Amino acid sequence: MENREKWMRVRIRLIGFCFILAFGFIVARAFQLQVLGQETWREKAVRQHQKTIALTPQRGTIFDRNGEAMAVSVEVDSVYVEPTKVDANRQTAKALADALSMSTSTIRGKLKSKKGFVWLKRQVSPRESDLVRALDIDGVNFIKEHRRYYPNSEIGAQVIGFTGLDPRGLEGLELAFDSRILGRGGYLVMERDALGRGMSSAGNEVQGGERGNDLYLTLDKNLQYIAEKELARAVSEAKAKSGTVVVLDPRTGAVLAMAGQPDYNPNSFHNYRPKDWRNRALCDSYEPGSTIKVFLMAAALNEGVIRTGQRINCENGSIEVSGKIVHDHRPYNLLTPEEIIKFSSNIGSYKIGKALERDRYYNYLRDFGFGRKTDIELPGEVDGLVHKPSRWFDVDLAAISFGQGLTVTPLQLATATAAIANGGYLMSPYVVERVVDNFGQTQMFRQPQIRRKVIAGDIADQVKEMMVKVTEKGGTGVLAAVPGYRVAGKTGTAQKVDPVTGGYAIDKVVSSFVGFAPADDPRLVILVMLDEPKGNAYGGLIAAPVFSKIASQALRYMKVMPTEKVKRPVLNTIAEVIDTPIEPQLNDINLQGSAMPQMPDFSGMSYRQVMQVMQKSGLN
C-alpha cells in the first residue's frame, strides 16, 4: 500500500513537470512571436492585405558650369488599371488605345488580366494624360512618376547621354554617374482583400522616395552651342562623314565644349542610330597627320638635338627611306625648325625624328598622353595606338614623324596641345566639377590635376611661337586667324587606311586643326576634326576656318580683350605647303588715301577654286 501511494506521488509530480514544461514552451514561443519576431510577422500580415508597386526614382539634375539645367527629372502621369473593376469590352479598349497611341489588342489584353494591378502606359505625355482623364473610366487610375527630360535637346547630348524607362543611365554621364544621380524610388501601396483582389483605389497610398545627387559640369552651354553650330555647318558644307570639336581650358584641363556630328536628341534617342550616340571625341581614334609635328618638335628642342636657328636640309622635296619615297608638297632646301612647322615639311620632320631617335620620341609621345587613356569621367574611352619603338623601322619612324602609323583620339590631341599652351604641364581633362546632394552638401569636388611636366617652360614658349607662324602669312593655317588675337595652331591632313586593300585610300582623309588663343595668354584650346570631307580636304582649308569661327565667338563671349590691332585679311596666293592650298584674298593698296582692292592671283587654280575665291571676295 505504501509503495502504491509512493508511485502515485511520482506520477503526479511527473505529470505536473510535463505541464510546467509545456507551459514554459508555450510562453517562450509566445514571447518569440509577440516580442522578438513582431516586426517580421507584422510585415507578413501587411503583405497579405497590401501590394507595393515600385515607382521610378527621381534622378538629380545635371547643370552646366553656370548653373543652367541640361538634364532634369519632371513629374509626369503613369496610367494603370485594376482589371477587376473595368469592363473589358472592345469599345473601352479602343477608346484607351486611341488616347494612349497603342493597339486595341494590347489594351484589351491588359484589361482582361487576372492581376489586381496592370500598367497601361508609363510616363505618358500631358496630351495622353488629358485624353485618358476625359474618358473617366472606373478602374483606370494615375500615379505621378519622374521622367528624364533634356531641355536643350541636342546640345551636349553625347556628353550627357540618356536614360531608359527604369530610369537607369544608358550613355554618357548618365551612365558613368548613375549610382550618384539615381535616387531612391518610392512605392505605390494598394489595399487588397483576402483573395488578393485590389480594393478601392481611394485607399491606395504613395510612399515617397529620395531625390538623387546633382552634377555640376565644366561644360558651358553657350560654348557648347557655338561649337555644335559651327561643326554642323562645316560637316554639311564639306559633305563629311562626321566631325568632332573639343574645347578645353588649358590652365585647368576643364572641358568647356565637346561636340560631335552626327548628333541626336536624347529626348527621343530611340529614333537615332546607336552610332550617333557615341562620343567621338574619346571613342574614335585616327591618324593625326601633321598635327603630331608640334610634339616631335617640342621633344627634339627639349632634348637639345636641334636648335631654333639650325637649318635642316629638306632634300629639295624628296628623300628615300628604306625603299620608300617621302615627299614634301613643294621642294624645300634648307629650313629652320620654325619653317618646318610653318610649311609642314615631312622631310624636315623625319630628319628631326631621326636625330631624336626612336626610344626618346616614343617616350615623349607617351608623356604627352598618346597611346593611353586620359581617364576622363566618361564611358567608352579608347587608348589610341602607339607601337613600341622596338617595332619601328626607319620607314615607321619617318611615318610617325609626320603623323601616320599611330592613332590618337581628339581628346588626347587637344589635351597634349594644352600642355604646350600651359608651359609644358599636362593637365588631366575633366568634365564634372562637383557632385551636390539634395541637402546642398558637396559630396565631391574636382580640383585641376597636373599629370606631369612634359617639357620645359621656355621650350613650350618656343614651340608656341612656331605655331603662331602657322596662322600668319605664308603658314598652312592662315585661315584659322582670329582678328584682334594672336593664334597658335597646326594643321593636319592624314590619309585613311583602306580596310580592303590595307593601304592608304586616295580619296579618304581626316582633316584637322588644333590650336589655342590668345597665344600670349591661352584661354582656349580648340580642336576641329572632319572625317572624310569631299573636295579640297586639306586641314588648313576646311578645319582651320571652323577653328576661327568658334574661337572668335568664344573669346567675345568670355570677354577676353583683343591684344592686336585688327587688320583687313591679307593672305597668300595659292598653296605652297603640303597641308593647305591657301585661297588668296584681297590685299590692301593705299591709293591717294583710300583702300583699293587688288585682283587676286588665280595662277594654278582650278575653275572651281577661282569661283569660290571670287564669291568670297565679292568679285563679279
Side-chain angles (χ1 to χ4, degrees), residues 59-74 76 123 125 147-165 167 169-178 181 215-248 255-284 376-380 409-411 414 431-432 526-531 533 543 546-547 549-550 553-554 557:
R59 296 175 72 86
T61 303
I62 299 178
F63 297 97
D64 80 341
R65 69 189 298 114
N66 300 315
E68 297 284 343
M70 302 192 76
V72 297
S73 288
V74 296
V76 294
Q123 301 179 10
S125 67
R147 179 179 181 179
R148 206 59 165 164
Y149 176 66
Y150 303 92
N152 303 300
S153 300
E154 292 87 354
I155 297 178
Q158 290 160 343
V159 176
I160 296 169
F162 55 84
T163 67
L165 189 65
L170 300 179
E171 281 288 341
L173 290 170
E174 296 277 29
L175 172 61
F177 284 79
D178 187 60
I181 301 175
L215 296 188
Y216 285 81
L217 309 184
T218 61
L219 290 185
D220 187 306
K221 185 182 75 172
N222 296 314
L223 293 179
Q224 182 73 27
Y225 169 73
I226 292 169
E228 292 186 9
K229 176 190 67 173
E230 296 301 339
L231 178 63
R233 179 184 300 167
V235 169
S236 175
E237 291 177 352
K239 297 180 174 58
K241 180 180 178 181
S242 62
T244 304
V245 166
V246 177
V247 183
L248 300 178
V255 178
L256 303 179
M258 186 179 282
Q261 285 289 329
D263 59 4
Y264 72 100
N265 186 342
N267 293 307
S268 54
F269 66 89
H270 48 274
N271 294 330
Y272 297 82
R273 298 168 296 181
K275 66 180 182 179
D276 295 337
W277 308 339
R278 189 176 66 250
N279 189 342
R280 292 173 174 81
L282 48 95
C283 296
D284 290 359
I376 195 170
E377 316 98 308
L378 291 164
T409 67
L411 180 60
V431 73
V432 176
I526 303 174
L527 175 138
V528 179
M529 188 272 284
L530 298 174
D531 187 15
V546 182
F547 173 96
K549 292 174 183 176
I550 294 174
Q553 295 174 69
Y557 166 72

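What you see is a predicted model, and the numbers here were worked out from it, not measured in a lab. Only this structure's heavy atoms are used, side chains among them; waters, hydrogens and symmetry mates stay out.
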Determine yes or no for a side-chain-to-main-chain donor-acceptor pair under 3.5 angstrom, with Ser73 supplying the side chain and Arg59 the backbone.
yes

Evaluation steps, side chain to side chain contact (heavy atoms under 4.5 Å, CB included), between Leu170 and Leu175:
CA-CA 5 Å; Leu170 300 179; Leu175 172 61; 5.9 Å; no

Minimum-distance pair of heavy atoms, taken over all atoms of Pro410 and Val246
CB-CG2, 4.2 Å

To the nearest 0.5 Å, what is the distance between CD (Gln261) and OG (Ser236)?
9.0 Å

Looking at Gln553 and Lys549, would you say the former's side chain and the latter's main chain have a donor-acceptor pair under 3.5 Å?
yes

Taking atom types as modelled, find out whether Tyr557 and Asp220 have a side-chain donor-acceptor pair closer than 3.5 angstrom.
yes

Contact summary for Pro151 and Ala69, nearest pair of heavy atoms:
CG-O, 3.5 Å

Please round to the nearest 0.5 Å and tell me the distance separating atom CG of Leu231 and atom OG1 of Thr244.
7.0 Å

Please tell me if the side chains of Thr61 and Leu215 come closer than 4.5 Å, counting only heavy atoms from C-beta onward.
no

So do the side chains of Ile155 and Met70 get within less than 4.5 Å of each other, counting heavy atoms only?
yes

Can you check whether Arg148 reaches Ile181 side chain to side chain, under 4.5 Å on heavy atoms?
yes

To the nearest 0.5 angstrom, please state how far the CD1 atom of Ile226 sits from the CD1 atom of Ile550.
8.5 Å

Show, in sequence, the C-alpha distance, side-chain angles and deciding distance for Arg65 and Leu217, and conclude whether the side chain to side chain contact (heavy atoms under 4.5 Å, CB included) test is met.
CA-CA 5 Å; Arg65 69 189 298 114; Leu217 309 184; over 6 Å; no

Over all heavy atoms of both residues, which pair between Ile160 and Ala71 is shortest? Give the atoms and the distance, please.
CG2-CB, 4.2 Å

Looking at Tyr272, I'd like to know if its OH atom is crowded, meaning that more than 12 non-hydrogen atoms belonging to other residues, nucleotides or ligands lie closer than 6.0 Å.
yes

Minimum side-chain heavy-atom gap Leu219-Val159 below 4.5 Å
yes

Strictly distance-based, threshold 3.5 Å: is any side-chain N or O of Ser153 a donor or acceptor partner for the main-chain N or O of Asn265?
no

Any Arg280 side-chain heavy atom under 4.5 Å of Arg278 side chain
yes

Looking only at heavy atoms, which two atoms of Gln224 and Ala257 are closest? And how far apart?
OE1-CA, 3.2 Å

Would you confirm whether Asp64, through its side chain, and Leu256, through its main-chain N or O, come within 3.5 Å as a donor-acceptor pair?
no

Can you sort out the partners of Ala157 under side chain to side chain contact (heavy atoms under 4.5 Å, CB included), two or more places apart, ordered by chain and number?
Tyr264, Pro266

Hey, is the main chain of Gly156 close enough, under 3.5 Å, to the side chain of Glu228 for a donor-acceptor pair?
yes

Within the 4.5 Å heavy-atom criterion, are Leu530 and Val235 side-chain neighbours or not?
yes

May I ask you to test the Glu171-Asn279 pair for a side-chain heavy-atom distance under 4.5 Å?
no

Give, for atom CG of Asn66 and atom NZ of Lys221, the distance between the pair rounded to the nearest 0.5 Å.
9.0 Å

How long is the straight-line distance from CG of Asp178 back to OG1 of Thr163, given to the nearest 0.5 Å?
9.0 Å

Could you tell me whether a side-chain N or O of Asp263 sits under 3.5 Å from a main-chain N or O of Glu154, the two making a donor and an acceptor?
no

Evaluate the side chain to side chain contact (heavy atoms under 4.5 Å, CB included) criterion for residues Tyr149 and Asn267: first the C-alpha distance (whole Å), next the side-chain angles of each, then the deciding distance (0.1 Å), finally the verdict.
CA-CA 6 Å; Tyr149 176 66; Asn267 293 307; 3.5 Å; yes

Between Phe162 and Phe269, how do the two ring planes meet: parallel, tilted or perpendicular, split at 30° and 60°?
parallel

Test your reading of the model: is there a side-chain donor-acceptor pair from Gln158 to the backbone of Pro262, 3.5 Å cut-off?
yes

Would you please test Met258 and Ile376 for side chain to side chain contact (heavy atoms under 4.5 Å, CB included) and show each step?
CA-CA 12 Å; Met258 186 179 282; Ile376 195 170; 4.3 Å; yes

Spatial distance of atom CG (Asp284) from atom OG (Ser242) [nearest 0.5 Å]:
6.5 Å

